[in-house]
Every structure is written in C-alpha cells, then in structure tokens.
Amino acid sequence: MTGFLRRAALRSTAAVTPALHGVTVSGLVLVIAIGAYPSAYAALGGPSAAQAAQAKDAGGVIPAVGGPSLAHAAADAAPAGATTARADADGAHAAAAFGRITLPDLLLVEPTGLTPGRIASIRKIAHVRNVLAFDGGQIRAGGRPVNVIGVSPGQFRSWTPLRTASDQGFWNALSRGDFVASDAARKRLGLHPGSAYQLLGESRQSVTFGKAAALGVAGVDLVVDSSLSRELGLVHSVAALISAPAAGLAPLTRAVRAAAGRGARIYSLRRQQLPVAASVSGGLPTTYIGLFQQSAARYCPGMSWTILAAIGQIESADGTNEGPSTAGALGPMQFLPSTWRTWGTDGFGQTGTPDIMNPYDAVPSAARMLCADGAASGGHALYQAIFDYNHAGWYVTEVLQLAAAYAADYS
C-alpha cells in the first residue's frame, strides 16, 4: 500500500472519561492509509468488483478479481456466553454478498462523539453521498490493551479493502457476534479462530475470535459489531468516514468543519497516482484484473489498467450485471450498440464478429475508445476521455477514485 499516512489521535476528555469505566480513547490512534479503500458507488446499485468472485472459465467468462471465494461460508464455533445471540439487525445483509463499494474522501474524528444532529448536517452537505460513523475506544483483550472500533457489519463492509470486502467468512463471523481483527493484531495477540477471549471495557465479555483480514484502518486492532460495542462502552460515533466524490476537496473540508464543530479533526484520504502495466503476455488473460492489465498494455499503452478496472466495476460489476441498461447499453463495459458499431473489436487475436457481451472484446474496445480520446496522456486528457465515455463529472470523479483504490489494493 502506497501513500502517506494520516494520523488522528483520539484523546480522552474529562467529559468522556467518567462514563467509560474501563474504556479510553487516549490510546486509540486511527491511521488511515490513503487509497486503502475501494470507492463509493452506492448509488450505482451494482455489486462490487470483488463480488464477481464467482469463477468462470475461459470458455467465455472470466474468473473475477481477487480475494477468497464468496462461497467461503464460515463454520467456526459459536460465540461464547452472552455473545451467542448477538447480531446486528443487518447481519443477514452483511453475511450476503455485498452490493456496493465506497471510497472515503475525508476522515472526521470527534473524541467526544458526533451527535446525530451533526451527522445529519454532514449528510446534507452538497455532493456528500455517504457517511459512515463508527464507535471506538481502547479496551483490554486477554489482559492486553487493544484499539477497537464498533461498526454495523453491513455498512462497514463496503468501506473496507477489496480483498477484505470479498472475504465472506470474515463478514459471517462479525455478523454473528464474533470479533475480528487486523492481520497484525492476530499475530501480535496470538489469536486462534474459534477460541473465546475476554474483552474488558465497560463490561467483561467472553467473545469468540472469528477471523483476521486487512482493515484499511491501521492502528485498529479489533472490530466488533454495534451490539458488542455498546456493551463494551466504546465511545459512540467517535469518527466518521465521508464520501463525496464529486466535491472539491477544499470546499468539502470547509463545509464538514462547519457542520462538525470546532473540536473535530478532519483528514483527507484522496489519492492520485495510478500504476501502468508495461508488459504484454501471450494468450488470453484468465482473470478480470489480468484482462484489464493486458488490455491497457496492448490497446492503450501508457494508460493505467486501473481505469478499465474502475469502469468495468461501475458499469457492470465486472460482468455481473450486463444490461440492457435503461439507455440500452449492453455487456461488461456497457456499450451502446451505436457506439459498439464504431469501436467494437476482436481482442487478443480472436476472429469473427466482435461480441459486445464478450469481455475479451468489450474491454479491449473500451481501451481503444479511451485511447483515441487521449487517455494515455493522463491529466486533463484522461479526465476528458472518461467524460466522453459517460458524460457526467461525478462519473469521472468516481472512476478516478475507484482506480486509485485498485492501485492501492494491487500495488
């Protein structure tokens, strides 16, 4: 993962500490890695790129990108004690394959907790499309201090790194009331899946450890669901992630600061640089990521493959939803038939009539079309090429931000 790290130290105050009885925010430090997240496209309604992990063979359909299989159902032991029946109201949704991905533009931290009114005010800011508030604090696990955040699994899933969001076992565990951990915390604490551990905050809870994965929020050791968060006494809504892909960063920051109040701290999470695949391999790619990389290298040298990956995700969730759209667009890259007649091509040495539904044709065709519009030049030319693909400024912003997320997750 590349990019600078932003730190947000959460310090306890006299107004907070007496009510916590064993929970503190003095040791909790959120370190958000820029570009660690997939990006926000809740309004687009399609499943995420990682959700396309239903394997398909080269006979026409490509295995999807990255991460454990979505069929990977957890069979870990049930939580011990009071956690057995614990699950968020949206637990069933979290355990199902998720249907969106979200990239935050800002991290907002308020050590005393964000009030519902302030969160509502932030949601009303122009161009804000999604806000995720979560609990946090420092407790003890197995007698050792740990930093914990409390989330609604079905909501938090879409904000995590691509590989984690696609890890069904991880979300099954969190949804049934287990606690989950970062990879680093699992190693440091010696956690074993299926074993119960004592979590000591405002109350003592015996909770089963479910699974570990990359969280995209360094400095956080454990994640629990909202019910367990309340029982442990974590600070409610201590921080929030804000997604506003069409907003300018400076005006967005000013508006969030005005809505959040003087005590809040705000950190930018946007990322800029994108990787370029330089080599071209023989034969047909066997994964969507490989297809995007090879299509960019062959049909638009100099353009980042992440642009194709982002467009493929936004348009069809990498072939999961191939249309027709309300406008009549078809296939994994959602070409209008009229546009396809101009740009449709047989990719990777195939012969015959270009097939709008075939990803081996559609992705190279998208690369050719973008390249003709100057995408390989980067900068404003890349912006304009993406705009020509779909005439909307918000669409360009979302493509670029999702491309940054791919760049971070596959660097």
Side-chain angles (χ1 to χ4, degrees), residues 1-13 16 25-40 101-115 118-119 121-138 147-151 155-156 158-161 164 182 184 214-221 223 234-273 397-398 400-405 407-409 411:
M1 217 181 301
T2 59
F4 295 101
L5 297 182
R6 307 292 187 178
R7 294 178 178 266
L10 308 186
R11 296 181 176 84
S12 60
T13 68
V16 176
V25 290
S26 61
L28 179 58
V29 178
L30 299 184
V31 186
I32 304 295
I34 296 177
Y37 297 84
S39 197
I101 49 176
T102 307
L103 180 71
D105 295 289
L106 296 178
L107 168 68
L108 170 65
V109 179
E110 172 48 78
T112 61
L114 291 161
T115 65
R118 295 217 183 261
I119 295 173
S121 296
I122 293 167
R123 291 185 186 278
K124 293 177 182 177
I125 294 171
H127 304 299
V128 168
R129 297 184 61 184
N130 210 341
V131 178
L132 177 70
F134 53 91
D135 306 341
Q138 187 179 84
N147 296 330
V148 185
I149 61 173
V151 303
Q155 295 173 4
F156 183 59
S158 66
W159 300 76
T160 59
T164 302
S182 68
L215 300 177
V217 187
V220 170
D221 300 311
V223 181
L234 302 185
V235 179
H236 185 56
S237 296
V238 74
L241 296 168
I242 300 165
S243 176
L249 188 60
L252 174 64
T253 301
R254 287 194 297 268
V256 170
R257 189 176 305 282
R262 290 186 176 182
R265 294 186 293 281
I266 301 171
Y267 303 86
S268 171
L269 306 179
R270 287 188 178 173
R271 176 191 168 92
Q272 300 299 325
Q273 296 180 340
T397 302
E398 292 198 344
L400 291 173
Q401 291 196 24
L402 181 53
D409 215 39
S411 58

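Just so you know, these numbers come straight off a predicted model, no measurement behind them. Note that the numbering runs from 1 along the sequence shown for the chain.
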Where do [X] and [Y] come nearest, in terms of heavy atoms and distance?
X      : Y      : value
Ile266 : Thr253 : CD1-O, 3.9 Å
Val238 : Gly136 : CG1-N, 3.5 Å
Leu215 : Val220 : CD1-O, 3.8 Å
Ser237 : Ile119 : OG-CD1, 3.9 Å
Ile122 : Leu108 : CD1-CD2, 3.4 Å
Ile149 : Leu234 : C-CD1, 4.1 Å

Asp105 vs Gln401, side-chain contact (heavy atoms from CB on, under 4.5 Å): CA-CA, chis, key distance, verdict: CA-CA 9 Å; Asp105 295 289; Gln401 291 196 24; 3.0 Å; yes
Are Asp221 and Asn147 packed together at the side-chain level, in the sense that at least one heavy-atom pair is separated by less than 4.5 angstrom? yes
State, yes or no, whether a side-chain contact exists between Leu252 and Val128 at a heavy-atom distance under 4.5 Å. yes
For the atom pair OH (Tyr267) and CG (Leu241), what is the distance rounded to the nearest 0.5 Å? 13.0 Å
Taken to the nearest 0.5 Å, the spacing of Arg265 CZ from Leu106 CG works out to 14.5 Å
What pairs with Ser121 under side-chain contact (heavy atoms from CB on, under 4.5 Å), at least two apart in sequence or on another chain? Ala259
